[in-house]
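All residue numbers in this chain count up from 1 along the given sequence.
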Amino acid sequence: MAINTDKVLVTHSEIEEMLDRLAGEINRDYEGQPLVVVGILTGAFIFTADLVRRLEMPIIVDFMQVSSYVGEYSTGVLKIKKDLSYDIRDMNVLIVEDIIDTGRTLALLKEQLLTREPKSLKICTAFDKPSRRVNDLVPDYNGITIPDEFIVGYGLDLDGKYRDFDDVRIVRKE
Ligand code: 5GP
Ligand code: MG
């Protein structure tokens, strides 16, 4: 079976427009207030880097690496592979994610970070697949809504590959 990544879903210039729009919304909403930006590894590393360079308030950049799995007796369990380096108590915190699919990971992460008592906690995602959602999670800032397809590029991978594409492509297995 061969992997075909020829089909471009989001062009590089559409990504740049999306970044300018999101940064504009975030700059307006926080206006001069310090912000802790929490990029979710590994997928959001490029999006986080591009977004923070467009932000105008004083920021701290931190990263977390998490995954979720559905436990036998629970709706989901969060596994933290890498935790934050900073204390977020009383801080404005913005989670920066590559893509929201079922919403399980971010719902659990949000719950976990709220126990640390930040001043505020919001979510910014580059891409959203709302048709796949299993809960009521809605991002505060949404880049581009996409159909139910598996995408790669702009940080998103398939088995560690294709993160370096500067556009977003649909994966077809043939
Ligand atoms: P969920 O919202 O289902 O808990 O999981 C979201 C995570 O699944 C994302 O952070 C990403 O790692 C992965 N994911 C979901 N959809 C896609 C996709 O279309 N392409 C890639 N590369 N990863 C995806
Ligand atoms: Mg991810």
Side-chain angles (χ1 to χ4, degrees), residues 15 18-71 74-130 132-144 151-164 168:
I15 291 174
M18 175 260 277
L19 287 162
D20 289 341
R21 177 175 55 78
L22 289 177
E25 292 173 18
I26 295 166
N27 283 328
R28 195 188 53 226
D29 291 353
Y30 292 91
E31 220 193 310
Q33 302 177 66
L35 182 65
V36 180
V37 174
V38 175
I40 305 304
L41 296 171
T42 303
F45 79 112
I46 293 176
F47 178 45
T48 304
D50 281 348
L51 188 67
V52 294
R53 282 178 288 178
R54 288 169 166 82
L55 297 183
E56 290 160 1
M57 71 292 288
I59 62 160
I60 285 178
V61 181
D62 205 345
F63 288 96
M64 274 185 99
Q65 191 160 26
V66 295
S67 55
S68 65
Y69 58 94
V70 179
S74 67
T75 50
V77 177
L78 185 74
K79 189 178 162 206
I80 299 179
K81 260 189 161 174
K82 186 223 170 285
D83 208 336
L84 293 176
S85 304
Y86 293 91
D87 185 4
I88 57 168
R89 178 178 300 267
D90 297 332
M91 301 294 294
N92 290 314
V93 176
L94 182 66
I95 299 172
V96 176
E97 177 62 303
D98 53 358
I99 184 166
I100 309 177
D101 188 41
T102 64
R104 281 198 186 95
T105 313
L106 278 186
L108 292 166
L109 179 62
K110 216 175 153 181
E111 194 180 277
Q112 160 62 225
L113 292 184
L114 283 173
T115 67
R116 305 181 191 188
E117 300 181 342
K119 183 175 176 191
S120 69
L121 182 63
K122 287 191 182 182
I123 294 172
C124 175
T125 190
F127 307 106
D128 190 14
K129 275 195 240 181
R132 296 260 307 158
R133 206 73 97 249
V134 299
N135 54 28
D136 58 3
L137 190 109
V138 179
D140 300 281
Y141 305 98
N142 176 26
I144 296 170
I151 59 169
V152 294
Y154 197 62
L156 289 107
D157 74 312
L158 173 64
D159 298 330
K161 287 181 286 193
Y162 315 120
R163 293 193 197 276
D164 54 310
V168 167

How long is the span from the CG atom in Leu106 to the CD1 atom in Ile40, to the nearest 0.5 Å? 7.0 Å

So, do Val37 and Leu55 sit near enough that their side-chain heavy atoms are less than 4.5 Å apart? yes

If I take atom OG1 from residue Thr125 and atom CD1 from residue Ile144, how far apart are they, to the nearest 0.5 angstrom? 10.5 Å

Contact check, side chains of Val77 and Leu108, non-hydrogen atoms, under 4.5 Å: no

As a quick check of understanding, evaluate side chain to side chain contact (heavy atoms under 4.5 Å, CB included) for Leu51 and Ile26, giving each step before the final call. CA-CA 10 Å; Leu51 188 67; Ile26 295 166; 4.1 Å; yes

Could you pull out the closest heavy-atom pair between Met91 and Pro118, with the gap in Å? O-CB, 3.5 Å

Determine whether Leu137 and Ile123 make a side-chain contact, defined as any pair of heavy atoms from C-beta on separated by less than 4.5 Å. yes

Rounded to the nearest 0.5 Å, the NZ atom of Lys110 sits from the CD atom of Gln112 at a distance of 14.0 Å

Between Gly32 and Pro58, the two heavy atoms sitting closest are O-CD, 3.9 Å

How about Met57 and Asn27: do any of their side-chain heavy atoms sit closer than 4.5 Å? yes

Report the distance from atom CG of Leu121 to atom CG of Leu113, rounding to the nearest 0.5 Å. 5.5 Å

Minimum-distance pair of heavy atoms, taken over all atoms of Ala107 and Asn135: CB-ND2, 3.4 Å

Would you call Asp128 and Arg133 a side-chain contact if the rule is heavy atoms closer than 4.5 Å? yes

Check: Phe63 main-chain N/O paired with Lys82 side-chain donor or acceptor under 3.5 Å: yes

Within a strict 4.5 Å, meaning less than it, do heavy atoms of the Asp157 and Thr42 side chains meet? no

With heavy-atom distances below 4.5 Å as the criterion, would you say the side chains of Asp29 and Lys122 are in contact? yes

My understanding is that only one of Val93, Ile60, Val61 makes a side-chain contact (heavy atoms from CB on, under 4.5 Å) with Tyr86; could you say which? Ile60

Which residue in the set Asp164, Asp50, Asp98 passes side chain to side chain donor-acceptor pair (under 3.5 Å) when paired with Tyr154? Asp50

Note: Val66 and Thr105 closest approach over all heavy atoms is CG2-CG2, 3.8 Å

Is it true that atom NZ of Lys161 has more than 12 heavy atoms of other residues, nucleotides or ligands lying nearer than 6.0 Å? no

What distance do Cys124 atom SG and Ile100 atom CD1 have between them, rounded to the nearest 0.5 Å? 9.0 Å

Distance in Å, Lys129 NZ paired with Thr102 OG1, rounded so as to fall on 0.5 Å steps: 9.5 Å

Salt bridge check, Arg116 against Asp83: does any charged N sit closer than 4.0 Å to a carboxylate O? yes

Relative to the ring of Tyr141, is the ring of Tyr30 parallel (under 30°), tilted (30 to 60°) or perpendicular (over 60°)? tilted

Student check: side-chain heavy atoms of Glu25 and Asn142 closer than 4.5 Å: no

Heavy-atom pair with the smallest gap, counting every atom of Ser120 and Asn92: OG-OD1, 2.6 Å

Whether Arg21 side chain and Gly143 backbone form a donor-acceptor pair below 3.5 Å: yes

Determine the minimum heavy-atom distance between Gly155 and Arg163, stating which atoms define it. O-NH1, 2.8 Å

